[in-house]
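Beneath this line is the structure, given in structure tokens, with notes to follow.
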There are 2 protein chains.
Amino acid sequence: MNDLSPIVTPTVTTGPLPASRKIYLAGTAYADIRVPLREIAVHPTAGEPPVVVYDASGPYTDDAVAIDIAKGLPRPREVWALSRGDVEAYDGRTVRPEDNGNLPAAKLTPAFPVAHRPLRAKPGRGVTQLAYAKAGIVTPEMEFVAIRENLGRQALQAAAARDGEPFEAAIPDVITAEWVREEIASGRAIIPANINHPELEPMAIGRNFLTKINANIGNSAVTSSMAEEVDKMVWAIRWGADTVMDLSTGRNIHNIRDWIIRNAPVPIGTVPIYQALEKVDGIAENLTWEVFRDTLIEQAEQGVDYFTIHAGVRLSYIPLTVERVTGIVSRGGSIMAKWCLHHHKESFLYEHFNEICDICRAYDVSFSLGDGLRPGSIADGNDRAQFAELETLGELTKIARAKDCQVMIEGPGHVPMHKIKVNVEKQQKLCGDAPFYTLGPLVTDIAPGYDHITSGIGAAMIGWFGTAMLCYVTPKEHLGLPDRDDVKVGVITYKIAAHAADLAKGHPAAQLRDDALSRARFEFRWEDQFNLSLDPETARLYHDETLPKEAHKVAHFCSMCGPKFCSMRISHDIRSEAQKEGMEAMAAKYRDGGDLYLPAEVAAENAEPAE
Amino acid sequence: MNDLSPIVTPTVTTGPLPASRKIYLAGTAYADIRVPLREIAVHPTAGEPPVVVYDASGPYTDDAVAIDIAKGLPRPREVWALSRGDVEAYDGRTVRPEDNGNLPAAKLTPAFPVAHRPLRAKPGRGVTQLAYAKAGIVTPEMEFVAIRENLGRQALQAAAARDGEPFEAAIPDVITAEWVREEIASGRAIIPANINHPELEPMAIGRNFLTKINANIGNSAVTSSMAEEVDKMVWAIRWGADTVMDLSTGRNIHNIRDWIIRNAPVPIGTVPIYQALEKVDGIAENLTWEVFRDTLIEQAEQGVDYFTIHAGVRLSYIPLTVERVTGIVSRGGSIMAKWCLHHHKESFLYEHFNEICDICRAYDVSFSLGDGLRPGSIADGNDRAQFAELETLGELTKIARAKDCQVMIEGPGHVPMHKIKVNVEKQQKLCGDAPFYTLGPLVTDIAPGYDHITSGIGAAMIGWFGTAMLCYVTPKEHLGLPDRDDVKVGVITYKIAAHAADLAKGHPAAQLRDDALSRARFEFRWEDQFNLSLDPETARLYHDETLPKEAHKVAHFCSMCGPKFCSMRISHDIRSEAQKEGMEAMAAKYRDGGDLYLPAEVAAENAEPAE
């Protein structure tokens, strides 16, 4: 643990990515909303428009915005919440010493310098996006999401037929705010957006939207500080994290979270039981509903957008884990299991689920119903414990929705490839098509140090099959806490998985960026190739390791093959010849059904084939 | 390019991996064969036998073998070939200046210090593994492969039912040498094993065997040297590469290859057109059958085990590539396309395919029929050009098999996830179930710098669907030549993909290692967890970055959660309680069909669910 003097303010990375600028689109129903997108310029020789991409990075990548971490981000959603007339500001809960681990002043992370009075629903009112959607109200959040997701689809109106296998997904050609409302009302999507997190740029999680990714950060009793965690949050969204979970389990939890939320343009999720456990000195059996309830309110007032709640860990399921290879590997799940066993009763999360819903409803905190019994090894994948809990999560989903609460469902974990698809099918069926939010899954256990890759394989597949958000795994999984570099590698790996899923589902605009990059590659526009990639810095670095000279960035070859063996260069020669020789006409002939396949004459010269 | 003095001998990494020792199993029919396996010890507290794994690393990881790169490896297969009575030694082709790029002596990589007279089939004899298999002969190579692949299956005799989705694969419970012979005879598998590569430890490529991986090395006109390439070869097999392709395209090609083959215990593949092109100063249209034929014999005498031959690039297919986003991206494919167009005729590879077969038959060089028209972007995936060529590869497979030549088929490339499976299905159908050997495929184009990951996703999937060997992609793909670190990352990523495929196919022994590692993880045997992983060094390094002390390697927690939040520790507590409380009995009751699911009482208290 680092000691922090009260004057330490985190340093974060700002400024646009290479060749990129931030653009903002205004709303129609809500003219004041400004939806951020990122425009990547290409070289004039391309004769192509800039490529517009989804942008989760927030104001940090806008040079026009002055960033002051000690003040926090602008709060555009404050007026949206107030204008609805169904919320009230009040004097929130007083911060107590145990919220920060009873630390002496010298070791305490300073409180966030700016205090805001929290909002909550007026008595009897539901202020969730689901409540509005059910009531037929299109909120600014919904229009914001529609514009954000609609990205690029207009440009495709004249393009080819859709190409993909969407399974149960139904992705529209163009997204309207009303369509977003319908998706929210049906429960197939959520917009995690606490009314006390007005810094948020709204986003949606649902199988008919772009596949999202989450990055986990947070200190532990063993390591890291507030400044590092704020930096990691900004760093994670710079590379594309759509939401961030603060999984802090050490000291200073309350204050670190305040610094994170006040500077977060993305939804922040937590696992409240972690902080509750700190309040009872780490003794699981000493947890009570009162301590937990107090923690939920504390975090709801701060602006946490979604809570992981392990209410599906029922007493009767715990024996099902005893013969597992790796028992219970969810921290929250194991804490609740221990509590249940010690007291020999159902957990207070399950027993008080209605009251938890009431709190979530008053602040619009979304549920992320935790999979406390997820498998921790492929041997345990898809076992009875896992699916028994999933059945309970389905029941709880119904209860939460009846209370107007938004719900997503967490999923595994460690699952070999042939068992992945059934996870999505069962989850969709049991949980009324609530968005699925999975960790990986890892498709093998034998590669610690590379679990971003073992899990990235499973993530791409489960995303394709219908998972709405993929929780990243970093190279440090199972071994240590991720540092800044690990966070970046984890985020990029999961952007790959999510994008691969969107392509395979046949998302109408996903391939635009692939095609732009491929054209740049084919035309030796090296700078464009770097700039259009998920990680321009690394692409450039790797290129320059072999061919460092600036001249080589306009070279019509690269280091892999050198000039003589460059297939792309030869392809260009072929294309030129084709023009000379009228081969376009030849190609057209073949396309029109000419007798393309000419049996190999040589075949006739030979004896009978082997089989 | 580096200048090399004649005395430079490559330095390579030797010695066993952590906690590992080499064991050798003897044959039954052939008592002199020594099949290497790697035994990984676990801590005595585990009460478990060592874990035995497949081992492609050769004598380099055996402390009992003295390595002398300038002498080359032992040549156990020499006597096998000679004892069959169907080969003859002869004075091979004389090395010519153009074989090494006409370099002056000062720039010439020295010739390998030890010369061997090459072997070839006596007139009229076929000396391929396929010829023997068809004749009902079980060769030492086949028994070697059977013992090697059989690994661990005996231990599973009493284990649970097979778990997996093998699609068209039919993986036996136990592998016999006769079964290997049948697989070879049917053409579903190959053993690439040139009679002039007696240093080889035989291995099989086929969908009913363990999924294999290939690593590419080789210099280019732009960079690298013999010493680096030999080092990379040894490094690649240390981490698990099953075969290595030498894709050198620069100078010194002949001599570099000699150094590599004489020190390679794995099959070495090449693309002979690369060297042929060097011999005509890089001018594709100057290539002739005579130059190419001479190159095949040169390489066959050296001991190359498989040739990539792009004989499927037919003149009539070239127009199909003109409107592609990325044209022709195979180097060999583009060279042949250029030749065909220039001369307006079918390629000499296609026209002389019979004669190529005759050469391969005389040395047992396997075919890797190249996909010269593979897609270079997802936009071009599964297009007409790609599949037209595949049809021709199917015709050529029949011709080659009729000549007793072993054949595998190369595949893409860049393919989005939803289009991967059909590649395997078409290949199996069109090519008579010849082993499929694919590059990736990459499932998106937008992540240069991370294409080991974009392709690892596709590789795991296509391996599951039935691809027999996966050609690795390194982080430098599209950007630069891989260095030693890149080679390792590429190999480990592809070992993950291949192993994930074996698990999903339900390979009877694949999960043994996962389970052993998971048990080590659950029991806090950190050292075992490192040692059982694909890359023990990296796993240990990542752990120590957060918790460096030796004491922490016996700690019953880790840096991610610290002691209080350790789910595995809590799971152990639960297991202890379970023993106290007789919960095993409870678990048994549930397993026996007790009424597991108790409807949530809280549900009854609520209004109707949302939908």
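Just so we're on the same page: letters track the sequence lines, and every chain starts at 1.
Both the backbone and the side chain of A/R519 come within contact range of chain B, each with at least one heavy atom under 4.5 Å from a heavy atom of that chain. Residue A/T326 touches chain B through both its backbone and its side chain, counting heavy-atom pairs closer than 4.5 Å. For A/K419, the part lying under 4.5 angstrom from a heavy atom of chain B is the side chain only. Proximity to chain B (any heavy atom under 4.5 Å) is shown, for A/P536, by neither the backbone nor the side chain. Of the atoms belonging to A/I328, heavy atoms from both backbone and side chain fall under 4.5 Å from chain B. Of the atoms belonging to B/H572, not a single heavy atom falls under 4.5 Å from chain A. In this structure, the portion of B/L517 lying under 4.5 Å from any heavy atom of chain A is its side chain and not its backbone. Using a 4.5 Å cut-off between heavy atoms, B/S330 contacts chain A through its backbone alone, with no side-chain atom that close. With a 4.5 angstrom heavy-atom cutoff, A/L503 touches chain B via backbone and side-chain atoms both. Contacts of B/R513 with chain A are made by both backbone and side-chain atoms, with heavy-atom separations under 4.5 Å.
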> So B/Y317 and B/T392, side-chain hydrogen bond (donor to acceptor under 3.5 Å, both in side chains) or not? Walk me through it.
Replying inline: CA-CA 10 Å; B/Y317 302 158; B/T392 298; 2.5 Å; yes
> Going through the checks in order, is the side-chain hydrogen bond (donor to acceptor under 3.5 Å, both in side chains) test met by B/H418 and A/D163?
Replying inline: CA-CA 9 Å; B/H418 64 292; A/D163 179 14; 3.1 Å; yes
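A heavy-atom distance below 4.5 Å is not found between the side chains of A/Y450 and B/K495. In this structure, B/F530 and A/L479 have side chains that are in contact, with non-hydrogen atoms separated by less than 4.5 Å. By the 4.5 Å heavy-atom criterion applied to side chains, B/E477 and B/H452 are not counted as neighbours.
Highest contact tally toward chain A, considering only B/A284, B/P475, B/G332, is held by B/P475 [criterion: heavy-atom pairs under 4.5 Å]. In terms of heavy-atom pairs under 4.5 Å with chain B, the best-connected choice from A/K505, A/K338, A/E165 is A/K338. Here A/R521 is the residue among A/Q529, A/H342, A/R521 with the most heavy-atom pairs under 4.5 Å with chain B. Considering only heavy-atom pairs separated by less than 4.5 Å from chain A, the leading option among B/C357, B/G376, B/G449, B/G506 is B/G449. The candidate with the highest count of non-hydrogen atom pairs below 4.5 Å against chain A, out of B/S377, B/S518, B/A379, B/A516, is B/S518. In terms of heavy-atom pairs under 4.5 angstrom with chain A, the leader among B/T454, B/V489, B/T321, B/L534 is B/L534. Contacts with chain A were tallied for B/A447, B/P448, B/A501; B/P448 has the most, counting heavy-atom pairs under 4.5 Å. Contact tally against chain B (heavy-atom pairs below 4.5 Å) for A/T444, A/L541, A/I446: the top residue is A/I446. Taking chain A as the reference chain and counting heavy-atom pairs below 4.5 Å, the highest number among B/I496, B/T493, B/I420, B/V443 is found for B/I496. Across A/D404, A/D486, A/D515, A/L247, the residue that shares the most heavy-atom pairs under 4.5 angstrom with chain B is A/D515.
By the side-chain hydrogen bond (donor to acceptor under 3.5 Å, both in side chains) test, A/Y542 is found to be paired with no residue, residues two or more places apart in sequence or in another chain being considered. Take B/A497 and apply the side-chain contact (heavy atoms from CB on, under 4.5 Å) test, not counting sequence neighbours, and it matches B/A459, B/A460, B/L470.
The pair A/R384-A/E323 does not meet the salt-bridge criterion, since no charged nitrogen lies less than 4.0 angstrom from a carboxylate oxygen. Using a cut-off of 4.0 Å between Lys/Arg side-chain N and Asp/Glu carboxylate O, B/K476 and B/D483 are scored as salt-bridged.
Side chains of A/D514 and A/H499: a donor on one and an acceptor on the other come within 3.5 Å.
A donor-acceptor contact shorter than 3.5 Å is absent between the side chain of B/T538 and the backbone of B/D535.
Centroid-to-centroid, the aromatic rings of A/H478 and A/H414 come within less than 6.0 Å.
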